[in-house]
Amino acid sequence: MNEKQIQKLCLTGTDVYLKFLEENKRAVDRINVLIKEQFPSPHVSMFRLILAKQLFDRDNISIELKPPGKIYGPDHFSVEEYDADTKTLIIEVLKSDLNLRRSAAANIAVISDLRFLVKNVRKWYATNGLKIQHPVMPAIAARRLTAAKYSNCEEALDSFQKQAVITSVTNPLAYIWGPPGTGKTRHVLTHAVTTLLRRHKKIAIFAPTNLALDQAMEAVIIAARSEEIRGDESFLRLGVPSTKFAKLFPSACEIQSLNKRMTDLKRQIEIYEAVLNHRRGATILKSVDLLKFEIDGLQNQLRERQNIYEELGTKRGNLISRAAHRFKGKRKGQETSLELLETQINARLEKVKRLHTESQKLDILLAQIDFTNIDKVEGEIIILEKKINRYMASRGALAKEYANRSSDDIEKVRQNLVDQISTLESQTVKERLKSASVIGMTLDYFIGHFVDTRIKADHIFVDEAGYAPLVKVLTLCRGEIPLTLIGDHMQLGPVCQMDTNNIRTEADKSACVWMSSALHVGDVLISQRQGPLIARLLSQNEPKPKSIIWAKLKTTYRFGQNLADILSKNVYRKNELLSAENQGLQDIKVHCIDAPPFSNPKLNRQNIAEVEQIEKLLNTCTFDSDKDESYAILTPYKDQVALLSKRLIVPQQQGRIMTIHRSQGREWDTVILSIVDGRLREPWFTNTTNAKSGGMYVMNTAISRARKHLIIVCDLNHWLKQDSKQLISELLRSKDIIFHTF
């Protein structure tokens, strides 16, 4: 296929996928609301929402209420503020049918629309699709790299890892395949990068998620430090890193020194200023109350003066026909009162004009006040008062989060941020891109920010490539830059809301570029015809050997030989695993908790017995809750996630409960795996012989998330009766299994 055909396939596939997402309302991130408070205000309907996690994009959100099970778009509310530090979202309700006042926090969710990421892909291909080329490795460079000593720590690599490094740096398009614990990132990627750095090559590292990118960049930076090849300033991690990564490698983070960081700093400054302005607003409102009192008094005096004038005018008319001496005394008394009143009015007017408040606008109004415009000024003060009340309502919820901090303290922090911006303004992304030896970013960041700019690199690496969509990695095939993919196609593939069951027409099949992983990039580049290519992508999970140079890692440093044999038999049939247990390996321990079902659940894929056993486990065992990577509770089904989240509030709030699909790319010391399926429910994702459900990839991914302990909670008797082709059954029959009862 030529460049035009590849562009057409990717554009058509993206259009099909985007249409599917829009018609089925998919590709949204649902974020639970932990706390909801209505800010007391007679002027506006303002709410403070504390979210379970940070928003990806505050500009593309909706709000869901259950009940009534309805989603309300941005025409129903406006986002007043969002504080990422405290995960506080302030919104004003614009339409009364969005009834947040009567909805409990547990029944509210903020939905972030992620379809703009798909639209970014379309824009990239529309602009650059005709520039896609097959990666090229100059022959002389390959010979030099093959002959070069590629690492000062060469003795730390096993034979498979050594060959993988050589394959990576000497081929234009390579795939490093390795099961869990074989050293794909920590050894092969790091040694390949340091080898190229010694040859003064510029490297670009990509990953499908921020977490995977942080792990890859961390490994490479540490390796470069240990071999004294480059300082941290030679590394540039574009986008938003984790808090941990930013603390470990601040000089490598764009967020610390470039445009994104300045944007975030400015937004946080705005929040601090809003808090300070809220406090000033309270003072202004007191001034407004005083002004209204003085102006009301002034208005009363003016009316009193008018009444005297009118009365005097009437009496002067009556003097023509009456005896002057009868009214002379009384008129003189009124004129004396009038003089006194005039003095009081002028004094009060001057007092009002001389008043100074915290509001410049209010001070300007007061300086202009006179007898001719007093009504107008009073009206504008009332309008200003309403605006201040509205401002106070919207910022009051934010200010509440900082109630225990003094204004001086907040001002110091604000000024510190201003100083940081001044320091950063002299730097630009372009300057850092020129000077950095290693650049890292997610695929989405690249596609969104490098539409009109080419990435300048001598070699590109994609970690966790099996999890990356084909359509996204093809964007890296520009400029004939050598490309190395690192991953494991025997785990879950890319997250794609559309699958083969949703294909209705021939045109729908082009969405395979989203369903297939990046490992098929070579298939696309060497294919002659589109029809056979699409058929192969829809039917195979494994890339075609002729399209890409493979290197296989077989020694696992995570599993003992017994567990390695089980995985070899049930998963890695073409890549028999060898355990490094004879090298002092502390292999993963597999545990089992029996949870026979005792009743039918309300929803199809739920198991209350397993939830109760997990609850007992958490009450009995101590996990380090302060450490994000301490433990996680995984399950194949969303229904079970909902049930677990309802019963286990703290783990749910900490983000420890998720589907196996959402766990891809992450690891924990302990993984608690709720199987769900058993005698009451026919296995689906847990059935590792079911090609349609991809059960083998799902279960292998779950096992691969554990670093030290895997705790399987299941209907033990049911799974022990299954044949040897079931991965779960084989694990439970392992001689090393540890059983627990509660």
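For the single chain, residues carry numbers from 1 onward in sequence order.
- Side-chain contact between V650 and R656 is absent, with no heavy atoms from C-beta onward closer than 4.5 Å.
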Between V110 and V33, is a side chain to side chain contact (heavy atoms under 4.5 Å, CB included) present by the stated rule, with each step listed?
CA-CA 7 Å; V110 175; V33 173; 4.1 Å; yes
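- Here the side chains of Q38 and M46 are not in contact, with every heavy-atom distance at 4.5 Å or above.
- Residues passing the side-chain contact (heavy atoms from CB on, under 4.5 Å) test with A106, sequence neighbours excluded: none.
- With sequence neighbours left out, the ring pair (Phe, Tyr, Trp, His ring centres under 6.0 Å) criterion links Y72 to H76.
- The number of heavy atoms from other shown groups lying within 6.0 Å of CZ (R662) does not exceed 12.
- Between L433 and L236 there is a side-chain heavy-atom pair separated by less than 4.5 Å.
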Please step through side chain to side chain contact (heavy atoms under 4.5 Å, CB included) for the pair L49 and I90, ending with a clear verdict.
CA-CA 6 Å; L49 307 178; I90 309 297; over 6 Å; no
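- Put simply, CH2 on W124 and CD1 on I447 are 8.0 Å apart, with the number rounded to the nearest 0.5 Å.
- A distance of 7.0 Å separates CD1 in I35 from CD in E37, rounded to the nearest 0.5 Å.
- Two rings, from Y445 and F206, have their centers 6.0 Å or more apart.
- Scanning both residues, R348 and F293, for their nearest heavy atoms gives NH2-CE2, 4.1 Å.
- When the shell of 6.0 Å around CG of N404 is examined, it contains 12 or fewer heavy atoms from other residues, nucleotides or ligands.
- The minimum heavy-atom distance between G448 and N120, with the atom names listed, is CA-ND2, 4.1 Å.
- Taking 4.5 Å as the limit, every side-chain heavy atom of K25 sits out of range of all side-chain heavy atoms of I71.
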Evaluate side chain to side chain contact (heavy atoms under 4.5 Å, CB included) for V641 paired with M658, printing each intermediate quantity in order.
CA-CA 6 Å; V641 167; M658 68 196 78; 5.5 Å; no
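- Considering all non-hydrogen atoms of both residues, I455 and A204 come closest at CG1-CB, 4.4 Å.
- Ion pairing between a basic and an acidic side chain is recognised when a charged N comes within 4.0 Å of a carboxylate O; E22 and R115 show no such pairing.
- Looking at heavy atoms from C-beta onward, I269 lies in side-chain contact with V418 at the 4.5 angstrom threshold.
- One distance of note links CE of M217 with CD1 of I205; it measures 5.5 Å at 0.5 Å rounding.
- Shown here are the side-chain contact (heavy atoms from CB on, under 4.5 Å) partners of L248, two or more places apart in sequence or in another chain: E218, K244.
- A donor-acceptor pair under 3.5 Å links the side-chain atoms of N128 to the main chain of V451, judged by distance alone.
- Here the CG-NE2 distance, from L238 to H449, works out to 8.5 Å after rounding to the nearest 0.5 Å.
- With sequence neighbours excluded, the residues that form a side-chain contact (heavy atoms from CB on, under 4.5 Å) with N210 are R237, T442.
- Residues C253 and F245 are in side-chain contact: their nearest non-hydrogen atoms beyond the backbone lie under 4.5 Å apart.
- Among residues two or more places apart in sequence or in another chain, the side-chain contact (heavy atoms from CB on, under 4.5 Å) test is passed with E23 by K19.
- For the atom pair CG of D408 and CG of L276, the computed distance is 9.5 Å after rounding to the nearest 0.5 Å.
- Note that the CD1 atom of I633 and the CD1 atom of I657 stand 4.5 Å from one another [nearest 0.5 Å].
- In this structure, the salt bridge (charged side-chain N to carboxylate O under 4.0 Å, His left out) partners of E342, at least two apart in sequence or on a different chain, are R305.
- The shortest distance between side-chain heavy atoms of F47 and F77 does not fall below 4.5 Å.
- With a 6.0 Å radius and a threshold of 12 heavy atoms from other residues, nucleotides or ligands, K638 has its NZ atom at or below the threshold.
- Between R414 and E273 there is a salt bridge, since a side-chain N of the basic residue sits under 4.0 Å from a carboxylate O of the acidic one.
- For the pair L11 and A126, the tightest heavy-atom approach, listed with the atom from each and the gap, is CD2-N, 3.8 Å.
- Of the possible polar contacts, one joining the S103 side chain to the N99 backbone as a donor-acceptor pair under 3.5 Å is found.
- Taking the salt bridge (charged side-chain N to carboxylate O under 4.0 Å, His left out) definition, one finds that K53 meets it with D29, sequence neighbours left out.
- Qualifying ring pair (Phe, Tyr, Trp, His ring centres under 6.0 Å) partners for Y631, counting only residues two or more places apart in sequence or in other chains: F623.
- Legend: residues meeting side chain to side chain donor-acceptor pair (under 3.5 Å) with D375, ordered by chain and number and at least two apart, are Q299.
- Between the side chain of K472 and the backbone N or O of V121, no donor-acceptor pair lies under 3.5 Å.
- For R225, the salt bridge (charged side-chain N to carboxylate O under 4.0 Å, His left out) partners are D232, not counting sequence neighbours.
- Applying the side chain to side chain donor-acceptor pair (under 3.5 Å) rule to R666 yields no partners; only residues at least two apart in sequence or on another chain are considered.
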Under the side chain to side chain contact (heavy atoms under 4.5 Å, CB included) criterion, do L98 and I63 qualify, and how do the steps go?
CA-CA 9 Å; L98 175 53; I63 293 178; 4.2 Å; yes
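- Side chains of N107 and P67 form a contact here, defined as non-hydrogen atoms less than 4.5 Å apart.
- The two residues I108 and A104 have their closest heavy-atom pair at CG1-O, 3.3 Å.
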Using salt bridge (charged side-chain N to carboxylate O under 4.0 Å, His left out), reason through E64 and R30 one step at a time and then give a plain yes or no.
CA-CA 9 Å; E64 181 183 41; R30 183 172 280 96; 2.7 Å; yes
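- Judged by distance alone, with hydrogens and angles left aside, the side-chain atoms of N24 form no donor-acceptor pair with the main-chain N or O of R26 at under 3.5 Å.
- Listed by first and then second residue, the salt bridge (Lys or Arg N to Asp or Glu O under 4.0 Å) pairs involving residues 98-111 amount to none (not counting sequence neighbours).
- Judged by distance alone, with hydrogens and angles left aside, the side-chain atoms of T343 form a donor-acceptor pair with the main-chain N or O of E339 at under 3.5 Å.
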